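Residue numbers start from 1 in every chain, and the chains themselves are labelled A, B, ... in the order their sequence lines are given, proteins ahead of strands. Every value quoted in this text rests on a predicted model; they were computed, and no experiment measured them.
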Amino acid sequence: MSTSLRTLAALALMAFLILPLLPLAVWSLAQGWRFPDILPAELSTTAWAYALSPQSGVLESFGITTLIATATTLIAALVGLPAGRALGLYRFRGRGLVVLLLLAPAILPGIAVVFGLHGILLRAGLAGTVAGVILAHLVPVLPYMTLVLAAVFSRFDPTYEQQARTLGATPWQAFRTVTLPAILPGLLTAALFSFLVSWSQYLLTLAVGGGRVQTLPLLLYGFAAAGRNDLTAAIALLYILPGLLILALTARQITGRNTALVSGARP
Amino acid sequence: MFRSLAALLLLSAAALADTSDGDALKGMTWEQVVDQARGGTVNWFMWGGSDTINAYVDGYVAERLKADYDITLNRVPITDAADIVNQVLTEKEAGVTDAGSVDLIWINGENFRSMKQADLAFCGYTAMLPNDGLVNWDNPAVANDFGVPVDGCEVPWNTVQFAFAHDSAKTPEPPADMAALLDWIKANPGRFTYPAPPDFTGSAFLRHVFIHAAGGPDSLLGPFDQAKFDEVSAKTWAILNEIEPSLWREGATYPTTVTQLNELFANGEVDFSFNYDPAQFGLAVEAGTWPDTTRSFGLSDGTIGNTNYTLIPFNSPNKAAAMVVQNLLLSGEAQLEKAKTEVWGAAPAIEIARTAPEVQSGFAAIKTHPSVIPASELAKAALPELQADWLTAIEKGWMETVGN
């Protein structure tokens, strides 16, 4: 009984996730799909041919967006690891304030931050560059990375590190063989969030990139605003690929089946 | 060793000529400007919603620039030129006067007025372009952009004239003039709507009703006149409020963009769409978005026409190369190419009679798309564009009295 209910729930969840994507797939192949037709009058691959042609710049955009999201995630992890550790493991004066400041970019609407940020990066000569866009993306990405890692570290027992050290491990060895495996599922979750937050930025990229850093959301919005449903659908399907791919690759780690964290958690 | 390296670096820096100094360029001959332009890159910010227009720019234009002048054209697709006006303004406020990110913008109307008023445009050079001679600057519709004198601050690219689209399979006989259209709307409830201003196209439809209410454009030309506006606008709001219950969804809501109107038309929810650039109708049919039976028409009491332009911002670091791009866009060959139905179908901004004989015969041989009313047909009943102050007053009044 409970198994069949669970299967039903799983099917419903899958339908909920996948059904909205079906019209996208049809739209991307439609040549003339108007009310009240249930299916397009004609199928055509012109939208895909345009989306995948070097002229449209979609593939180039795909590369740039991947580069930006990956770099943003890596930098965020480098900053977020020590910050999350400090917030998760230690009580110190002003901790609440630090958490609030970290949360601020995630709470404030993006448009409130964009123009000031653009001015600062413009004076620094970084507006319109990929580096500037990566820096700008760090603003909304860092809260996710740091706060997820803070939660992970709050359940981490640092005495395991001390044991490794008394057994002769260098700090790096202790981190690599003890700390990292324990926090890996949390780190991957945080990285997934970070990647997707950066991947989907529109306003920040538009303002700071000044149109010269063409990420996929910018291209996508341009065609959506022009009413080209076929091109929008083809690009949108490309757009959701990395999210699905990363989820598939990291699903096992994230569900925490083989984590040291659970077995090593404090009573 | 290091010294020669440094010298080499300096040399290569000089080779990448910085042509941000517009006054210096204005003192040169055209040949010198072209020399300065060689090897440059032009960041052209333009509306990127049409794959056909994009293909013309990335293909024909970019390839000719590369082959003839070694200029790299970087088309930057945008959704709204107003964003780019703001971007140049932010750069000016941040003190970026010679290294701006924008070298060329596709622009007209209120955005041009904003740029000119805020001194964001590079001006007074257009007569230097060899192809400037093809432009009829005596035509007030070219010399003025929505009533604002161009003053050598931008170069015309296309001319457009407002037209309506209908599906000949559903409405074989569309109304002939504005009065007939208004009657048609009342007789066919729910089958017509227009985008709410400040949408560019919705605002243009509004001005057609306004001119109709005034009994013609003659009394509306020239600067804004409050008394005249009060008189005509009262009639206009009365007309629009009268048809409102007969509009799509009883006028409880309006589309906010012309894209939404186009979609309503594509799905047969309304019977008409309209656009400032009738070539868009042909592009929509070719893209499969609209039915093949789409046809278009003007109104016998006239439709509004305007010109759109390209403009170089004051802080472009690649002014010489941007000028070469503008000159190429204006050439008879480039104007002919984009006028071809399969390329874009855009009406030229130059006088065809002033071009070379083979270009003239090329224009004569063009067969317009069956869904696009020929520009010559529309031109028989043309209305001038009102000045920008009228435009803003009409938009504001609509929001207070009709769209409330």
Side-chain angles (χ1 to χ4, degrees), chain A residues 27 29-37 40-44 46-47 49-51 53-58 61 114-116 118-125 127-129 132 202-203 206-214 218-232 234-235, chain B residues 41 43-55 57-59 62 74-81 83-84 86-88 90-96 99-103 105 167 257-269 273 280 283-292:
Chain A
W27 257 122
L29 293 167
Q31 171 80 11
W33 191 14
R34 293 180 290 274
F35 182 83
D37 303 348
E42 262 178 74
L43 293 181
S44 138
T46 38
Y50 180 78
S53 75
Q55 258 200 358
S56 71
V58 173
S61 259
V114 151
F115 294 104
H118 180 216
I120 293 172
L121 290 172
L122 196 59
R123 284 179 188 87
T129 66
Y202 175 76
L203 199 62
L206 180 70
V208 173
R212 279 187 298 178
V213 181
Q214 277 291 323
L218 265 62
L219 269 186
L220 194 59
Y221 184 71
F223 283 114
R228 286 302 299 271
N229 291 351
D230 51 343
L231 293 176
T232 308
I235 302 173
Chain B
T41 297
N43 293 300
W44 183 7
F45 287 60
M46 55 178 280
W47 178 73
S50 163
D51 52 341
T52 331
I53 299 175
N54 294 349
V57 172
D58 293 337
N74 178 30
R75 178 180 60 82
V76 181
I78 57 167
T79 312
D80 186 354
D83 293 340
I84 307 310
N86 279 331
Q87 189 176 321
V88 176
T90 314
E91 287 177 356
K92 186 179 186 183
E93 283 164 357
V96 181
S101 55
V102 186
D103 299 314
I105 316 178
D167 183 348
T257 61
V258 72
T259 310
Q260 289 178 11
L261 176 67
N262 287 339
E263 192 135 342
L264 290 175
F265 175 71
N267 288 327
E269 288 191 71
S273 185
Q280 301 289 333
L283 299 181
V285 170
E286 287 311 307
T289 320
W290 284 7
D292 296 336

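Chain A forms the most heavy-atom pairs under 4.5 Å with one residue out of B:Pro291, B:Gly268, B:Gly95, and that residue is B:Pro291. Most heavy-atom pairs under 4.5 Å with chain A: of the set B:Gly59, B:Gly288, B:Ala99, this distinction falls to B:Gly288. Ranking B:Asp80, B:Val76, B:Asn74, B:Val258 against chain A, the residue ahead of the rest is B:Val76, based on heavy-atom pairs under 4.5 Å. For the options A:Ser56, A:Ala226, A:Gly227, heavy-atom pairs under 4.5 Å to chain B are most numerous at A:Ala226.
Only the side chain of A:Arg123 comes within contact range of chain B, judged by heavy atoms closer than 4.5 Å. Proximity to chain B (any heavy atom under 4.5 Å) is restricted, for A:Asn229, to the side chain, taken from C-beta onward. Neither the backbone nor the side chain of A:Leu218 comes within less than 4.5 Å of any heavy atom of chain B. Heavy-atom distances place both the backbone and the side chain of B:Thr90 under 4.5 Å from chain A. Of the atoms belonging to B:Trp290, it is backbone heavy atoms, and not side-chain ones, that fall under 4.5 Å from chain A. For B:Glu91, the parts lying under 4.5 angstrom from a heavy atom of chain A are both the backbone and the side chain. In this structure, chain B has a heavy atom under 4.5 Å from the side chain of A:Gln214, while its backbone stays farther away. At a 4.5 Å heavy-atom cutoff, the contact between B:Asn43 and chain A is made by side-chain atoms alone. Only the side chain of B:Asp83 comes within contact range of chain A, with heavy atoms under 4.5 Å apart. Proximity to chain A is limited to the backbone of B:Glu286, based on heavy atoms less than 4.5 angstrom apart.
Rounded to the nearest 0.5 Å, atoms CG (A:Leu206) and CD1 (B:Ile78) are 9.5 Å apart. One distance of note links CZ of A:Phe223 with CG of B:Asp51; it measures 6.0 Å at 0.5 Å rounding. Atom OG in B:Ser101 sits 8.0 Å away from atom CG in A:Leu122 (nearest 0.5 Å). A distance of 11.5 Å separates CD in B:Glu263 from CZ in A:Arg34, rounded to the nearest 0.5 Å.
Residues passing the ring pair (Phe, Tyr, Trp, His ring centres under 6.0 Å) test with A:Tyr202, sequence neighbours excluded: A:Tyr221. Shown here are the side-chain hydrogen bond (donor to acceptor under 3.5 Å, both in side chains) partners of A:Ser44, two or more places apart in sequence or in another chain: A:Thr46.
Listed here is the closest heavy atom pair of B:Thr79 and A:Gly222: OG1-CA, 3.9 Å. Closest approach of A:Gln55 and B:Asp58 over heavy atoms only: O-OD2, 3.5 Å.
Without hydrogens or angle criteria, B:Thr259 side chain to A:Ala225 main chain gives a donor-acceptor distance under 3.5 Å.
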Q | Full working for side chain to side chain contact (heavy atoms under 4.5 Å, CB included) between A:Phe35 and B:Leu264 | A | CA-CA 9 Å; A:Phe35 182 83; B:Leu264 290 175; over 6 Å; no
